[in-house]
Peer 1: 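Input: one structure, supplied below.
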Amino acid sequence: MKFNFQDIKSSPQFFLLAGPCVIEGEEMALMIASHIAEIASRLNIPYVFKGSYRKANRSRIDSFTGIGDEKALEILRKVRARVGVPVVTDIHAPEEARMAAEVVDILQIPAFLCRQTDLLVAAAQTGKAVNIKKGQFLSPEAMRYAVQKVRDCGNGNVAVTERGTSFGYQDLIVDYRGIPEMQKMGCPVILDATHSLQQPNQAAGVTGGRPELIETIAKAGIAAGVDGLFVETHPCPAKAKSDGANMLPLEQIERLLTRLAALRETVNQINTL
């Protein structure tokens, strides 16, 4: 069945995009996906496995970028087939769109590339769902132009993701007013609770983060009415090959999702008053 954002947006619960920053290996990817899928199923949270097959936007040339495109995409294919969940991955250039679309359900546009018309068009023309991350340099209102580029290609299956706004040189801040503002565009709005806590442009050339605040960011997003959450997680963030400084330890995700699901139920009740 073709994945559609509107189908999971209709769920009483928020939907979840979660997984490791980058595919490091088959065993780990399948383990993470299976673990989260079981928890999400119990909590009635629609779940999409997230994993980048390649990381193109690294601070330093010697940073890990992936295990190889074909190998990583094959792992994503196995996750989709064996765990039985939709899959999302990033693309960085127009020529990647068709290749990735053969494997995944959602093509994700990185924040730094959200204004790249040829990339948005290539993603839209595959017919797959498209998730556009809001650039740290853009206002929520400005995202309507990125969304419209996808729609102008005849693809209305699009979502936008809030992931923080530049705040000085080495920090980000989340403006929760942007959630209802972007929802006016008529597409689901997702909150990235991990990248919103990044501390970029560190002197060492490795991005920092504040993972202890993931729950705070996510709770505020649920209270503000966000449709979905994006969370990067790893069995041992300290050993992760990309973005370990802002990932949630996998052992903590059940507690987090349980609390967020309860909060969503409360918000739903409040909205009926």
Side-chain angles (χ1 to χ4, degrees), residues 1 3-21 29-51 79-80 83-88 105-106 108 129 131 133-134 159-164 174-180 182-183 187-197 209-235 237 246-273:
M1 180 181 293
F3 177 89
N4 193 299
F5 275 119
Q6 296 300 328
D7 292 338
I8 59 174
K9 180 184 175 183
S10 63
S11 168
Q13 274 297 344
F14 60 91
F15 60 86
L16 175 69
L17 281 63
C21 178
L30 288 167
M31 182 273 290
I32 292 174
S34 298
H35 181 73
I36 301 176
E38 189 278 326
I39 297 167
S41 178
R42 277 194 280 115
L43 297 172
N44 295 315
I45 297 172
Y47 172 53
V48 178
F49 175 78
K50 183 270 165 186
V79 168
R80 189 175 185 272
V83 184
V85 295
V87 172
V88 57
D105 301 273
I106 306 169
Q108 184 165 279
N131 178 32
K133 286 200 160 185
K134 181 178 77 64
V160 294
T161 294
E162 166 64 47
R163 51 94 73 232
V174 177
D175 182 354
Y176 292 93
R177 297 174 300 177
I179 293 173
M182 289 189 289
Q183 285 172 330
C187 60
V189 174
I190 303 163
L191 173 63
D192 184 339
T194 44
H195 288 95
S196 293
L197 292 165
R210 299 286 304 278
E212 70 276 11
L213 294 175
I214 290 173
E215 183 170 332
T216 300
I217 292 289
K219 282 180 175 177
I222 295 295
V226 78
D227 300 295
L229 289 175
F230 179 107
V231 177
E232 287 191 341
T233 182
H234 192 280
N246 55 267
M247 278 202 278
L248 180 76
L250 185 63
E251 64 183 12
Q252 296 180 18
I253 199 159
E254 181 170 10
R255 179 175 180 269
L256 174 67
L257 293 179
T258 300
R259 290 183 167 199
L260 295 177
L263 179 59
R264 179 59 175 254
E265 291 176 359
T266 300
V267 170
N268 288 344
Q269 292 174 2
I270 291 172
N271 287 339
T272 64
L273 297 178

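Nothing here was measured: the structure is a model prediction, and the numbers come from that model.
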Peer 1: Among all residues two or more places apart in sequence or in another chain, which pass the side-chain contact (heavy atoms from CB on, under 4.5 Å) test with Ser10?
Peer 2: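 Per chain and number, Ser10 pairs via side-chain contact (heavy atoms from CB on, under 4.5 Å) with no residue.
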Peer 1: Could I get the full list of side-chain contact (heavy atoms from CB on, under 4.5 Å) partners for Ile222, not counting sequence neighbours?
Peer 2: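 For Ile222 the side-chain contact (heavy atoms from CB on, under 4.5 Å) partners, ignoring immediate neighbours, are Phe14, Val226, Leu229, Leu260, Leu263, Arg264, Val267.
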Peer 1: Can you name the salt bridge (Lys or Arg N to Asp or Glu O under 4.0 Å) partners of Glu38, sequence neighbours left out?
Peer 2: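 Applying salt bridge (Lys or Arg N to Asp or Glu O under 4.0 Å) to Glu38 gives Arg42.
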Peer 1: Contact between Phe49 and Pro20 at the side-chain level, heavy atoms closer than 4.5 Å - yes or no?
Peer 2: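 Yes. Closest side-chain heavy atoms under 4.5 Å.
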Peer 1: Between Pro86 and Ile106, is there a side-chain heavy-atom distance shorter than 4.5 Å?
Peer 2: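 No, side chains not in contact.
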Peer 1: Can you list the residues that meet the side chain to side chain donor-acceptor pair (under 3.5 Å) rule with Lys50, with sequence neighbours excluded?
Peer 2: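 Side chain to side chain donor-acceptor pair (under 3.5 Å) check on Lys50 returns Ser52, Glu232.
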Peer 1: Over all heavy atoms of both residues, which pair between Val231 and Ala193 is shortest? Give the atoms and the distance, please.
Peer 2: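 Heavy atoms of Val231 and Ala193 come nearest at CG2-CB, 4.5 Å.
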Peer 1: Taking all atoms of both residues into account, what is the closest heavy-atom pair of Pro237 and His234, and its distance?
Peer 2: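 Answer, listing the atom of Pro237 first, then His234: CD-O, 3.5 Å.
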Peer 1: Do Asn131 and Thr161 get their side chains close enough for a donor-acceptor pair, meaning under 3.5 Å?
Peer 2: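 On atom types as modelled, these side chains qualify, holding a pair under 3.5 Å.
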Peer 1: Just one of Thr233, Ile253, Val83 clears the side chain to side chain contact (heavy atoms under 4.5 Å, CB included) bar with Ile32, so which one?
Peer 2: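 One option only clears the test, and that one is Thr233.
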Peer 1: At their closest point, which heavy atom of Tyr47 faces which heavy atom of Ala40, and how far apart are they?
Peer 2: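 Minimum heavy-atom contact is CB-CB, 3.8 Å.
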Peer 1: Only counting residues at least two apart or in another chain, list the ones meeting side-chain contact (heavy atoms from CB on, under 4.5 Å) with Lys9.
Peer 2: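 Checked Lys9 against side-chain contact (heavy atoms from CB on, under 4.5 Å); matches are Gln6, Pro188, Asp227.
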Peer 1: Donor-acceptor pair, distance only, cut-off 3.5 Å: does the side chain of Thr258 make one with the backbone of Glu254?
Peer 2: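 Yes: the side chain of Thr258 pairs with the backbone of Glu254.
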Peer 1: Might you point out which heavy atoms bring Val79 and Ala33 nearest each other, and give the distance in Å?
Peer 2: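 For Val79 versus Ala33, the nearest heavy atoms are CG1-CB, 3.7 Å.
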Peer 1: Looking at CG of Asp192 and CG of Leu17, how far apart are the two atoms once the value is rounded to the nearest 0.5 Å?
Peer 2: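 Rounded to the nearest 0.5 Å, the CG-CG separation comes out at 9.5 Å.
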Peer 1: For residues Ile45 and Ala261, report the shortest heavy-atom separation together with the two atoms involved.
Peer 2: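 For Ile45 and Ala261, the tightest heavy-atom pair comes out as CD1-CB, 4.3 Å.
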Peer 1: Is there a side-chain contact between Arg80 and Asp105 (heavy atoms, below 4.5 Å)?
Peer 2: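 Contact flag for Arg80/Asp105 side chains = yes.
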Peer 1: In chain order, what residues pass the side chain to side chain donor-acceptor pair (under 3.5 Å) check against Gln269, with sequence neighbours excluded?
Peer 2: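 Not a single residue meets the side chain to side chain donor-acceptor pair (under 3.5 Å) criterion with Gln269.
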Peer 1: Nearest 0.5 Å please: distance from the CD atom of Glu212 over to the CD atom of Gln252.
Peer 2: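 So the CD of Glu212 and the CD of Gln252 are separated by 10.5 Å.
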Peer 1: Say you draw a straight line from CZ of Arg163 to CD1 of Ile190; how long is it, rounded to the nearest 0.5 Å?
Peer 2: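 One finds 13.5 Å between CZ of Arg163 and CD1 of Ile190.
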Peer 1: Taking C-beta and beyond as the side chain, do Val189 and Leu191 meet within less than 4.5 Å on heavy atoms?
Peer 2: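 They are not in side-chain contact.
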Peer 1: For Asn44, give me all partners under side chain to side chain donor-acceptor pair (under 3.5 Å), at least two apart in sequence or on another chain.
Peer 2: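 For Asn44 there are no side chain to side chain donor-acceptor pair (under 3.5 Å) partners, ignoring immediate neighbours.
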Peer 1: Taking side chain to side chain donor-acceptor pair (under 3.5 Å) as the test, write out the residues that go with Ser196, two or more places apart.
Peer 2: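 Applying side chain to side chain donor-acceptor pair (under 3.5 Å) to Ser196 gives none.
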Peer 1: Provide the closest heavy-atom pair for Ala129 versus Phe5 in the form atom of the first, atom of the second, distance.
Peer 2: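 For Ala129 and Phe5, the tightest heavy-atom pair comes out as CB-CE1, 3.7 Å.
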Peer 1: List the atom pairs, with distances to 0.1 Å, where a side-chain N or O of residues 213-220 and a protein N or O form a donor-acceptor pair under 3.5 Å, not counting sequence neighbours.
Peer 2:
residue : atom : partner : partner atom : Å
Glu215  : OE2  : Lys219  : NZ           : 2.8
Glu215  : OE2  : Arg259  : NH1          : 2.9

Peer 1: Which residues pass the ring-ring contact (aromatic ring centres under 6.0 Å, His included) test with Phe230, not counting sequence neighbours?
Peer 2: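 If we apply the ring-ring contact (aromatic ring centres under 6.0 Å, His included) test to Phe230, skipping adjacent residues, the hits are His195.
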Peer 1: Partners of Glu251 by side-chain contact (heavy atoms from CB on, under 4.5 Å), sequence neighbours excluded?
Peer 2: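 For Glu251 the side-chain contact (heavy atoms from CB on, under 4.5 Å) partners, ignoring immediate neighbours, are Pro249.
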Peer 1: Start with the C-alpha gap between Val174 and Leu197, add the side-chain angles, then the distance that decides, and say whether side-chain contact (heavy atoms from CB on, under 4.5 Å) holds.
Peer 2: CA-CA 9 Å; Val174 177; Leu197 292 165; over 6 Å; no
